[in-house]
*Asks:* 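Encoded as structure tokens, here's the structure I'll be asking about.
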Amino acid sequence: MSAPARPLRLEGLVKRFGDHAVLEGVSLAVPEGEIVALLGPSGSGKTTLLRLVAGFERADAGRILLGEERIDELPPERRGFGMVFQHYALFPHRSVAGNVAFGLETRGLARAAIAARVEAALARVELGGLGGRRISEISGGQQQRVALARALAPEPPVLLLDEPLSNLDPSLRERTRRELAALLRALGITTLLVTHEQEEAFELGTRVALLHGGRLVQVGTPGEIYRAPATRFAAGFVGRASFVPVEVVAAGDGPVRVRGAGLPGGETEAEAAEALAVGERADAMLRPEALELAEPGTPRTLAGEVVAARFGGAWSWATVRAAGGLEVEVLVPGPPPALGAAVAVARRPDARPRVYRRETP
Ligand SMILES: Nc1ncnc2c1ncn2[C@@H]1O[C@H](COP(=O)(O)OP(=O)(O)OP(=O)(O)O)[C@@H](O)[C@H]1O
Ligand SMILES: [Mg+2]
């Protein structure tokens, strides 16, 4: 039987290396049985956060709790978390079963008990019957599952995964991602996984925590983060988006009005992601699906030229460059227009842009 799942809570975690603060007060709750994907660009502190949770690093401030128990002063082996490292760290000279048994051998279990647990862990990741193979005799995707089985065999209360798919080639990656997503949901173990790829975070995580420069900028479901990114960074990092410079012409509680030469329609009501004052310069975010192409010369559109296009089957993407060099990306039904075509970009009537304070460089 698995140990009962308990929620994992991180409170105000700070980590410095020398005088470089890598984590600047990270608080995050992973409810029991949930899968939280920690997403962020390279260097944002993801691995450092995972290592703090696993116990390989000590925080300079803050606490880590599992259920009601404070665990950040325990060594890694007393936390007992299952960990899958970025490069799996499998033992090439051991068999598949020998790798999975590794975490059990130090616990003084009888050989028969170890063998039974190894078999159960391999069955959970659908590798039953492959225990006798050498690591070099199985595929990359299977190695990924061996690493997972090894982490699962001691029946950990929490599973930690660092870039679990990063050393698979692209063709295997997508399939393995799908299998891993199904597996993690079936396991029902409290899981924190790290990735710098949005698609991976969105498919694997039931919730996504977005990390930027050592701070959490947003925690939410993929849909929440996509529809209402909390910061200008989040808007640019998650999903595709174009940013159009605008000026705030009316502000109050609720929506603001913005105006900009590059905004299809010129002036519109917009959703303010942060408090904005009249006269302030801001960026309006437009998703490709919020825009459409129209005949050149159509009123209230942005005239431009198609400078890039990506065929996608039923839908395609066209990048349109307007006067002054502003580029916007538009989702178009069917094949994209030809490169160099003169087009007009309109805003779909129901799409209200979201605006962010202009970041001062
Ligand atoms: N042991 C260490 N000593 C000094 N600096 C470190 C140490 N470990 C990490 N850092 C620094 O901390 C920052 C965050 O590193 P971390 O490995 O957590 O990033 P990450 O988000 O996992 O990035 P990636 O996506 O590239 O794996 C980086 O600037 C890194 O150079
Ligand atoms: Mg990392």
Side-chain angles (χ1 to χ4, degrees), residues 8-30 35-64 71-73 75-76 79 81-90 140 143-144 147-148 150-151 158-170 172-174 176-177 180-181 184 190-205 207-220 222 225 229-239:
L8 174 69
R9 284 208 324 272
L10 319 184
E11 294 181 353
L13 291 179
V14 173
K15 180 65 186 174
R16 293 182 207 96
F17 290 113
D19 40 8
H20 175 41
V22 171
L23 297 172
E24 306 198 56
V26 172
S27 298
L28 173 69
V30 186
I35 304 157
V36 171
L38 196 61
L39 172 68
S42 186
S44 55
K46 304 179 300 293
T47 294
T48 303
L49 189 62
L50 210 62
R51 290 175 58 82
L52 287 179
V53 176
F56 301 128
E57 301 277 1
R58 288 292 283 273
D60 294 298
R63 309 195 304 166
I64 304 173
I71 60 158
D72 52 87
E73 282 164 355
R79 300 184 195 190
F81 292 175
M83 175 114 189
V84 174
F85 297 91
Q86 186 162 349
H87 298 290
Y88 308 160
L90 295 172
Q143 287 178 21
Q144 198 274 331
L148 190 59
R150 183 175 63 183
V158 172
L159 197 55
L160 304 171
L161 311 171
D162 193 359
E163 306 271 3
L165 305 172
S166 62
N167 45 355
L168 299 176
D169 59 56
L172 197 57
R173 214 171 157 139
E174 194 169 320
T176 310
R177 186 174 76 212
L180 183 63
L184 289 177
T190 308
T191 300
L192 185 59
L193 73 91
V194 157
T195 175
H196 64 274
E197 285 204 8
Q198 183 214 314
E199 275 189 37
E200 224 166 276
F202 274 29
E203 187 163 353
L204 296 176
R207 283 196 311 154
V208 175
L210 196 58
L211 195 65
H212 181 222
R215 293 174 196 275
L216 277 185
V217 295
Q218 192 166 10
V219 182
I225 295 183
T231 65
R232 170 73 171 75
F233 162 80
F237 192 72
V238 170

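One-based numbering along the sequence shown. Both ligands and their constituent atoms are indexed starting at 1 by order of listing.
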*Asks:* Regarding atom 26 (O) of ligand 1: of the candidates Gly40, Gly214, Ser42, Ala21, which has the closest heavy atom?
*Replies:* Ser42
*Asks:* Tell me, do Met83 and Leu50 make a side-chain contact under 4.5 Å, heavy atoms counted?
*Replies:* yes
*Asks:* For atom 17 (O) of ligand 1, find the nearest protein heavy atom and state the residue, atom name and distance (0.1 Å precision).
*Replies:* Thr47 CB, 3.7 Å
*Asks:* Considering the heavy atoms of Pro41, write down every atom of ligand 1 situated less than 4.0 Å from one of them.
*Replies:* 21 (O)
*Asks:* For His20, counting its heavy atoms only, list the atoms of ligand 1 lying under 4.0 Å from any of them.
*Replies:* 29 (O)
*Asks:* Going by an N to O cut-off under 4.0 Å, is there a salt bridge joining Glu24 and Lys15?
*Replies:* no
*Asks:* Find the distance between CG (Leu184) and CG (Leu193) and round it off to the nearest 0.5 Å.
*Replies:* 7.0 Å
*Asks:* Below 4.0 angstrom, N of the basic side chain to O of the carboxylate: do Glu197 and Arg173 qualify?
*Replies:* yes
*Asks:* Students should be able to answer this: which protein heavy-atom is nearest to atom 16 (P) of ligand 1, and at what distance?
*Replies:* Thr48 OG1, 3.6 Å
*Asks:* Starting from atom 11 (C) of ligand 1, find the nearest protein heavy-atom neighbour and note its residue, name and distance.
*Replies:* Val22 CG2, 4.0 Å
*Asks:* So, 2.8 Å as the limit: is an N/O/S atom of Thr47 located closer than that to the Mg ion (ligand 2)?
*Replies:* yes
*Asks:* Would a search of protein heavy atoms around atom 30 (C) of ligand 1 find one under 4.0 Å away?
*Replies:* no
*Asks:* Yes or no: does Gly45 have any heavy atom under 4.0 Å from an atom of ligand 1?
*Replies:* yes
*Asks:* Is there a side chain to side chain contact (heavy atoms under 4.5 Å, CB included) between Ile225 and Leu39? Walk through the geometry before answering.
*Replies:* CA-CA 12 Å; Ile225 295 183; Leu39 172 68; over 6 Å; no
*Asks:* Going by heavy atoms in the side chains, are Val84 and Asp162 under 4.5 Å from each other?
*Replies:* no
*Asks:* Could you name the option among His196, Arg51, Lys46 that has the heavy atom nearest to atom 25 (O) of ligand 1?
*Replies:* Lys46
*Asks:* Report yes if the side chains of Leu159 and Leu161 come closer than 4.5 Å at any heavy-atom pair, otherwise no.
*Replies:* yes
*Asks:* Starting from atom 1 (N) of ligand 1, locate the nearest protein heavy atom and write down its residue, its atom name and how far away it is, to 0.1 Å.
*Replies:* Phe17 CE2, 3.5 Å
*Asks:* Are any non-hydrogen side-chain atoms of Val158 and Leu160 less than 4.5 angstrom apart?
*Replies:* yes
*Asks:* What residue and atom, counting heavy atoms only, is the protein's closest point to atom 23 (O) of ligand 1, and at what distance?
*Replies:* Gly43 N, 2.8 Å
